[in-house]
Amino acid sequence: MSLIDIIKRNPWLKQLVLNAMMPKNQARPRLWVKLFLNPFKHTKGKNARICRNSRIDVMPFNNFVLGDNSTIEDFCTINNGVGDVLIGQRSRIGMGNVLIGPVTIGNDVILAQNIVMSGLNHGYEDITLPPHNQPVTKKTITLEDEVWVGANVVIVAGVTIGKHAVIAAGSVVTKDVPSYSVVAGNPAKIIKKYNPETEIWERTS
């Protein structure tokens, strides 16, 4: 049995290690984790850029990848505490975005401003415990290549957005979005689809 398996199976030891890595009741790693652990675990590609005013709360026990020529703009929050955050090549994470893993973003993706994507949910069913003390569930959010997401969009856990799909500003995406379609609204619904026969983006009824 590996050291990691031993830590995971012992609640007391697991909590001790977590306390050493992050301050109590906070999601951000301690400075020593940022300096001495994360550089050996996480991948930042060629010409990839993380702007200075972003909050990169990434831990070494999950993956964080920023692909070649991709950018994370100012005032973003990236958190991989419960799942990987993987960003492909030539993708732009716009100002004020919040990405809470597990999240996978493909190549050539554009995220506008103030988008929230969270692959985790807190339990609430046990009324004797506050939600933050209940188990979390996680389902990966996947954005395939060439997706464009407008400002102020919310994408919930488990959603997959297909290639070259467009999410209109202000939408709340609760279901999978097919490739080559445009969705809008709360909850988001398909308003256009690309027709390969006519080569036109056609409105749906």
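Counting from 1, the numbers follow the sequence of the chain as shown.
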Any link between [X] and [Y] through a network of hydrophobic side chains (Ile, Leu, Val, Met, Phe, Trp, Tyr) touching at under 4.5 Å?
X    : Y    : value
V177 : V109 : yes
L86  : V159 : no
L37  : L16  : yes
I161 : I190 : yes
V116 : L120 : yes

My understanding is that only residues two or more places apart in sequence, or in another chain, count here; which of them pass salt bridge (Lys or Arg N to Asp or Glu O under 4.0 Å) with [X]?
X    : value
D108 : R90
R55  : D57
R28  : none

Nearest atoms (heavy-atom pairs only) where [X] meets [Y]:
X    : Y    : answer
H42  : N62  : CE1-O, 3.0 Å
A157 : I141 : CA-CG1, 3.9 Å
G94  : C76  : O-SG, 2.9 Å
M117 : I105 : CE-CD1, 3.8 Å
V58  : P29  : O-CG, 3.5 Å
V147 : G162 : CG2-O, 3.2 Å

Would a distance-only check, ignoring hydrogens and angles, find a side-chain to backbone donor-acceptor pair under 3.5 Å from [X] to [Y]?
X    : Y    : result
D145 : N107 : yes
E144 : K163 : yes
N114 : A151 : no
S171 : V153 : no
N47  : D68  : no
N121 : T137 : no
S54  : E73  : yes
N80  : G101 : no
N97  : A112 : yes

Using the side chain to side chain contact (heavy atoms under 4.5 Å, CB included) rule, pick out the option among V103, V149, I87, T104 that qualifies with L143.
V149
Distance, nearest 0.5 Å, that separates [atom1] of [X] from [atom2] of [Y]:
X    : Y    : atom1 : atom2 : answer
S179 : K193 : OG    : NZ    : 10.5 Å
N38  : I56  : CG    : CD1   : 10.5 Å
R49  : S70  : CZ    : OG    : 13.0 Å
T71  : R92  : OG1   : CZ    : 4.5 Å

Answer yes or no: is there a side-chain heavy-atom contact under 4.5 Å between [X] and [Y]?
X    : Y    : answer
I78  : F64  : yes
I115 : Q113 : no
P23  : R30  : yes
V172 : P187 : no
F61  : L18  : yes
V156 : V173 : no
I110 : S91  : no

Taking side chain to side chain donor-acceptor pair (under 3.5 Å) as the definition, give me every residue that meets it alongside N195, ordered by chain and number, with sequence neighbours left out.
E202
For N152, all residues meeting side chain to side chain donor-acceptor pair (under 3.5 Å), sequence neighbours excluded:
none
More than 12 heavy atoms of other residues, nucleotides or ligands under 6.0 Å from [atom1] of [X]: is that the case?
X   : atom1 : answer
W32 : CH2   : yes
K44 : NZ    : yes
M21 : CE    : yes

Could you check I167 against W148 for side chain to side chain contact (heavy atoms under 4.5 Å, CB included), going step by step and ending with a plain yes or no?
CA-CA 6 Å; I167 313 301; W148 172 22; over 6 Å; no
Can you say whether the rings of Y180 and Y194 are parallel (under 30°), tilted (30 to 60°) or perpendicular (over 60°)?
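Answer is tilted, since the angle falls between 30° and 60°.
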Give the C-alpha distance, both sets of side-chain angles, the deciding distance and a yes or no for side chain to side chain contact (heavy atoms under 4.5 Å, CB included) between I72 and L66.
CA-CA 9 Å; I72 297 175; L66 182 64; 4.0 Å; yes
Is the closest side-chain donor-acceptor distance between N63 and K41 under 3.5 Å?
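The criterion, which ignores hydrogens and geometry beyond distance, is satisfied for K41 and N63.
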Evaluate the side chain to side chain contact (heavy atoms under 4.5 Å, CB included) criterion for residues L99 and I93: first the C-alpha distance (whole Å), next the side-chain angles of each, then the deciding distance (0.1 Å), finally the verdict.
CA-CA 9 Å; L99 274 59; I93 312 303; 4.2 Å; yes
Just jot down the ring-ring contact (aromatic ring centres under 6.0 Å, His included) partners of H122, sequence neighbours excluded, or say none.
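Expected list: none.
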